[in-house]
Amino acid sequence: MLKFPTRNKKLLEWVRQMARLCQPEGIVWIDGSTEQKRELEEQSLAEAELIELNQEKLPGCYLHRTAAHDVARTEHLTFICTRKKRDAGPTNNWMSPRVAYKKARGYFKGAMKGRTMYVIPFSMGSVGSPFSKTGVQLTDSRYVVLNMLIMTRVGVAVLEHLDNAAEFTKCLHSKADLDVNKRLILHFPEDNTIWSVGSGYGGNVLLGKKCLSLRIASFVAHKEGWLAEHMLIMGVERPNGQIQYVAAAFPSACGKTNLAMLVPPEGLKRKGYRIWILGDDIAWMRIDSDGALWAINPETGFFGVAPATNSHTNPNMVATISKNTIYTNVLLKPDNTVWWEGADGEPPASGIDWQGRAWKPGMEDHEGRPVLGAHPNSRFTAPIFQCPSVSFRLEHHHGVPISAIIFGGRRQHLAPLVYEAFNWQHGIFLGATMASERTFAQVGKLGEVRRDPMAMLPFCGYNMADYFRHWLVMGRRMARLPRVFHVNWFRTDNHGRLLWPGYRENLRVLEWILDRCNNTVEAIPTPIGYIPRACDIDMTGLKLEPQALEELLKIDPASWQEELKGIKRFFKQFGRNFPDELWQEYEELAGRLKS
Ligand code: GTP
Ligand code: SPV
Ligand code: MN
């Protein structure tokens with residue numbers, strides 16, 4: 001490839017400038033070719049950035065270990081850098097662009113000394129489509145390059161597009177010395193720029209993903225009149241061939257990937273459902289000329305949670321990750337295959353854990369806690385086209401029409417298995433009041449319930465009060481509104497045991513949701529929304545504990561009164577800017593709970 005293979009002067013000048021700042025030993029442009037990928041893999045193996053896995057059992061697969069303190073997104077080091085603080089809103093960390101650039105410049109200065117700077121031209125969505133966005137990421141991490149090659153469309157076609165297109169997101173990343181005290185993940189939506197330094201972990205460094213496709217994209221979507229959301233997209237096909245599409249927002253590590261890859265349970269097989277996946281993490285949604293909401297997945301791969309992935313919970317994923325996959329922070333078995341807690345089969349008798357130490361089942365640390373083989377947030381990166389249930393519509397640049405939007409979270413208590421919003425505005429209230437127990441996907445206190453509206457708390461690139469208003473405005477512009485639902489797979493009994501088996505059994509709930517969309521089933525109005533009659537959830541082939549379904553659908557007004565307090569506190573922080581419509585929904589819910 002040419003040394004500077006672009007006619008885009010702005011791109012050229014920016015690459016030169018950033019190279020002057022980071023002082024790499026050389027610059028390599030990523031062209032998307034198999035040969036170049038092979039070369040990068042060879043170099044990564046030579047420098048122990050990757051470990052080659054058993055190529056007979058796992059062809060094209062590699063293992064990577066991140067630094068022990070660099071295993072999840074660090075939200076407290078993630079900033080939205082708008083000129084006005086108000087534009088970032090009370091839920092985001094904010095830094096002024098001037099201060100942020102200055103501080104980060106200090107960390108980037110000479111950070112790539114002795115390393116190569118890779119230039120990755122990438123497209124989120126089909127190259128050149130009006131619905132897509134183009135980015136260029138500079139990085140000193142080969143692991144990042146190899147992941148971006150799976151997760152996004154990379155290479156010459158993007159460069160050719162850039163020859164004639166002025167606009168692209170400038171993404172700069174250096175792992176620098178992986179020092180958490182010198183780590184920053186900075187977003188400059190007004191400059192279409194992302195700077196990330198000091199990390200080598202997924203969501204912090206694959207800048208096309210959360211940084212561009214959610215934080216920057218949500219900011220742009222607000223201006224341009226569309227939605228960038230933390231949502232899976234899936235199609236449910238009935239035996240008559242009709243496919244209906246749904247999008248669902250659950251917080252990190254709360255079940256998007258698993259739902260999107262669902263395989264129908266035995267008991268419902270006779271009904272002949274087939275499930276098609278379009279995306280497991282990000283949806284960009286626009287109103288099309290038919291007045292409906294259409295969604296695309298801007299990514300081309302999965303960066304999925306490894307623990308608990310097995311042939312029962314997610315057979316489609318097990319098939320997907322059998323080749324051409326990068327595993328991060330899982331256990332290495334003696335035969336050079338991989339394992340994690342909740343993987344198929346027995347734990348291996350021995351192995352090398354995610355930190356590279358010898359491991360045996362049953363080991364405990366000095367506080368008596370089990371030593372895990374794989375990190376709880378260990379992940380795999382795999383091409384979406386390897387998924388057996390991938391939708392044929394994936395390459396359609398304008399996507400699929402959405403019949404239902406589903407919000408959900410991890411709640412041991414309170415939220416029933418499923419309920420439906422009374423209307424669009426109430427649906428936005430359901431999204432805006434989402435809460436979930438914290439998972440390992442971000443650094444923080446595990447299990448603590450936090451408000452995570454629309455699963456976008458860590459990913460909204462602007463003031464969330466404006467974000468909620470944008471959802472309301474979108475509703476007014478649509479002629480065909482999706483119906484809105486809330487689900488909770490995680491409700492427990494008094495002993496803390498899950499009441500719902502989840503995974504493939506969730507199809508029973510999806511079926512009710514689609515029946516509601518098609519107006520073929522009744523529902524019971526309650527203060528919080530419509531819930532199913534127990535008899536309308538098809539339980540063929542699934543035996544729950546007696547009364548479990550009733551328990552799953554139960555609404556406890558006293559707990560909801562408590563919940564109101566948390567909702568009020570959350571809404572109040574937005575001050576006068578908060579949409580009246582959502583306060584009105586709050587008052588109405590309070591009223592219904594009283595009567
Ligand atoms: P991100 O990639 O972090 O955005 O997460 P995700 O929403 O795609 O999460 P994923 O589907 O990977 O789920 C992660 C965790 O949720 C794993 O621990 C799963 O075992 C668990 N999980 C997923 N679906 C279900 C379910 O239906 N029931 C139960 N009980 N657990 C589930
Ligand atoms: C999430 O945390 O929601 C993820 C993983 O999807 S990461 O890309 O690391 O953010
Ligand atoms: Mn996610």
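In each ligand, atom 1 is the first atom listed, and ligand 1 is the first ligand listed.
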Please confirm whether [X] approaches ligand 1 to less than 4.0 Å, judged on its heavy atoms.
{"X": "C254", "answer": "yes"}
{"X": "E505", "answer": "no"}
{"X": "P251", "answer": "yes"}

N or O contact, [X] vs ligand 1, cut-off under 3.5 Å:
{"X": "K210", "value": "no"}
{"X": "F490", "value": "no"}
{"X": "P307", "value": "no"}

Atoms of ligand 1, numbered as shown, that sit under 4.0 Å from any heavy atom of [X]:
{"X": "A308", "answer": "20 (O)"}
{"X": "G255", "answer": "6 (P), 7 (O), 9 (O), 10 (P), 11 (O), 13 (O), 23 (C), 24 (N)"}
{"X": "L498", "answer": "30 (N)"}
{"X": "R379", "answer": "1 (P), 2 (O), 3 (O)"}
{"X": "H230", "answer": "4 (O)"}
{"X": "V305", "answer": "12 (O)"}

Do you see a donor-acceptor pair shorter than 3.5 Å between the side chains of [X] and [Y]?
{"X": "R142", "Y": "Y118", "value": "yes"}
{"X": "S196", "Y": "N204", "value": "no"}
{"X": "R508", "Y": "N506", "value": "no"}
{"X": "N329", "Y": "T66", "value": "yes"}
{"X": "N93", "Y": "H76", "value": "no"}
{"X": "D452", "Y": "S436", "value": "no"}

Would you kindly specify which portion of L206 sits under 4.0 Å from ligand 2, judged on non-hydrogen atoms: side chain, backbone, both or neither?
neither
For [atom], find the nearest protein heavy atom and state the residue, atom name and distance (0.1 Å precision).
{"atom": "atom 26 (C) of ligand 1", "answer": "Y503 N, 3.5 Å"}
{"atom": "atom 6 (O) of ligand 2", "answer": "K210 NZ, 3.0 Å"}
{"atom": "atom 1 (C) of ligand 2", "answer": "S252 OG, 3.2 Å"}
{"atom": "atom 5 (O) of ligand 1", "answer": "A253 N, 2.7 Å"}

Using a 4.0 Å cut-off to any heavy atom of D281, which atoms of ligand 2 qualify?
6 (O)
Just jot down the ligand 2 atoms closer than 4.0 angstrom to any heavy atom of H230, in number order.
3 (O)
Residues, nucleotides or ligands: over 12 heavy atoms within 6.0 Å of [X] [atom1]:
{"X": "K271", "atom1": "NZ", "result": "yes"}
{"X": "E545", "atom1": "CD", "result": "no"}
{"X": "E346", "atom1": "CD", "result": "no"}

Short N or O distance, Y201 and ligand 2, threshold 3.5 Å exclusive:
yes
Hey, is ligand 2 close enough to G203 that some N/O pair sits below 3.5 Å?
yes
Restricting to N/O/S, name the atom of D281 that gets closest to the Mn ion (ligand 3).
OD1
Classify the contact between T309 and ligand 1 as side chain, backbone, both or neither, using a heavy-atom distance cut-off of under 4.0 Å.
neither
Which segment of D281 sits under 4.0 Å of ligand 1 when only heavy atoms are counted:
side chain
I want to confirm something. Looking only at heavy atoms, which of M231, R73, K256 is nearest to atom 6 (P) of ligand 1?
K256
Which option out of R491, R410, M261 puts a heavy atom nearest to atom 15 (C) of ligand 1?
R410
In terms of heavy-atom contacts, P501 and L544 come closest through CD-CD2, 3.7 Å
Do W339 and W359 make the cut of ring centroids closer than 6.0 angstrom?
yes
Are F407 and H486 an aromatic pair by the rule of ring centers under 6.0 Å?
no
Judged by atom type as modelled, is there a donor-acceptor pair below 3.5 Å linking the side chain of Y327 to the main-chain atoms of I321?
yes
Check whether any side-chain N or O of D70 sits under 3.5 Å from a backbone N or O of G200 as a donor-acceptor pair, and report yes or no.
yes
Would you call R73-E75 a salt bridge at under 4.0 Å N-O?
yes
Has K210 got an N, O or S atom lying less than 2.8 Å from the Mn ion (ligand 3)?
yes
